Amino acid sequence: MVYLPVFATLLSTILCSVNAYSGNATWYQSSVGGCSVNDSNPEDFLVALGPSEYNGGASCSGLVRIDYDGKSVVATVNDLCPTCPPGNIDLSATAFEELAELSEFLISVTWDFV
Ligand SMILES: *[C@@H]1O[C@H](CO)[C@@H](O)[C@H](O)[C@H]1NC(C)=O
Ligand SMILES: *[C@@H]1O[C@H](CO)[C@@H](O)[C@H](O)[C@H]1NC(C)=O
């Protein structure tokens, strides 16, 4: 019985290996987000989701893994991106930099909750 959660985690990891979401990612300078996550640390990887995935704040503090070009980064949901259509996300500059140069500004990513 002790091992059940481990198997469940493993299984969900396998099942989640295909990302559920795809869209464009842009970046922003991190600021105090709508989630009240203390993001004063500029090194933190943060992500803002569009209204449908932000889900009225239910996604706050959740972790999202974003994949792009063979690279991936895990970021904490800290804000609403009011102008993001479903699938599109806004990353803190630090998180975006893990995937691409900031000068690219907009990249096409896939992502999922982890
Ligand atoms: C992503 O960006 C491209 C290029 O700007 C645009 O054509 C496309 O419609 C965008 N996709 C979404 C889901 O916003
Ligand atoms: C946020 O975190 C920073 C660094 O850990 C800390 O100095 C600051 O007091 C915190 N702010 C709030 C509102 O908790």
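These values consider heavy atoms only, across backbone and side chains, with no hydrogens, waters or symmetry-generated copies. The structure presented is a predicted model; accordingly, all values stated were derived computationally and were not measured.
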Contact summary for [X] and [Y], nearest pair of heavy atoms:
{"X": "Tyr28", "Y": "Asn78", "value": "OH-OD1, 2.9 Å"}
{"X": "Leu106", "Y": "Phe96", "value": "N-CZ, 4.2 Å"}
{"X": "Glu98", "Y": "Lys71", "value": "O-CD, 3.6 Å"}

Problem set entry | Asp67 and Arg65: CA distance, side-chain angles, deciding distance, side chain to side chain contact (heavy atoms under 4.5 Å, CB included) verdict | CA-CA 7 Å; Asp67 293 313; Arg65 193 191 69 240; 3.3 Å; yes

Would you say [Y] ends up clustered with [X] if hydrophobic residues are merged whenever their side chains have heavy atoms under 4.5 Å apart, either directly or through other cluster members?
{"X": "Leu63", "Y": "Val77", "result": "no"}
{"X": "Val18", "Y": "Val114", "result": "no"}
{"X": "Ile89", "Y": "Val74", "result": "no"}

For this session: Any chance you could lay out the side chain to side chain contact (heavy atoms under 4.5 Å, CB included) test for Trp27 and Glu104, step after step, and finish with the verdict?
Result: CA-CA 10 Å; Trp27 62 272; Glu104 291 193 43; over 6 Å; no

Distance (rounded to the nearest 0.5 Å) between [X] [atom1] and [Y] [atom2]:
{"X": "Glu53", "Y": "Asp112", "atom1": "CD", "atom2": "CG", "result": "10.5 Å"}
{"X": "Leu91", "Y": "Leu99", "atom1": "CG", "atom2": "CG", "result": "6.5 Å"}
{"X": "Asn55", "Y": "Leu80", "atom1": "CG", "atom2": "CG", "result": "11.0 Å"}
{"X": "Leu46", "Y": "Asp79", "atom1": "CG", "atom2": "CG", "result": "9.0 Å"}

Exercise. Considering residues at least two apart in sequence or located in another chain, which fulfil the side-chain contact (heavy atoms from CB on, under 4.5 Å) criterion with Cys84?
Worked result: Cys81, Asn88

For this session: Keeping the roles fixed (side chain from Thr94, backbone from Asp44), state whether a donor-acceptor pair exists under 3.5 Å.
Result: yes

Exercise. Checking ring pair (Phe, Tyr, Trp, His ring centres under 6.0 Å) for the pair Phe113/Tyr21: CA distance, chi angles, key distance, verdict?
Worked result: CA-CA 9 Å; Phe113 294 99; Tyr21 301 89; 5.7 Å; yes

For this session: Might you work through the side chain to side chain contact (heavy atoms under 4.5 Å, CB included) test for Tyr54 and Cys35, ending with a clear yes or no?
Result: CA-CA 10 Å; Tyr54 181 76; Cys35 291; 3.6 Å; yes

Exercise. Can you list the steps and then say if Phe45 with Thr76 is a side chain to side chain contact (heavy atoms under 4.5 Å, CB included)?
Worked result: CA-CA 6 Å; Phe45 296 152; Thr76 304; over 6 Å; no

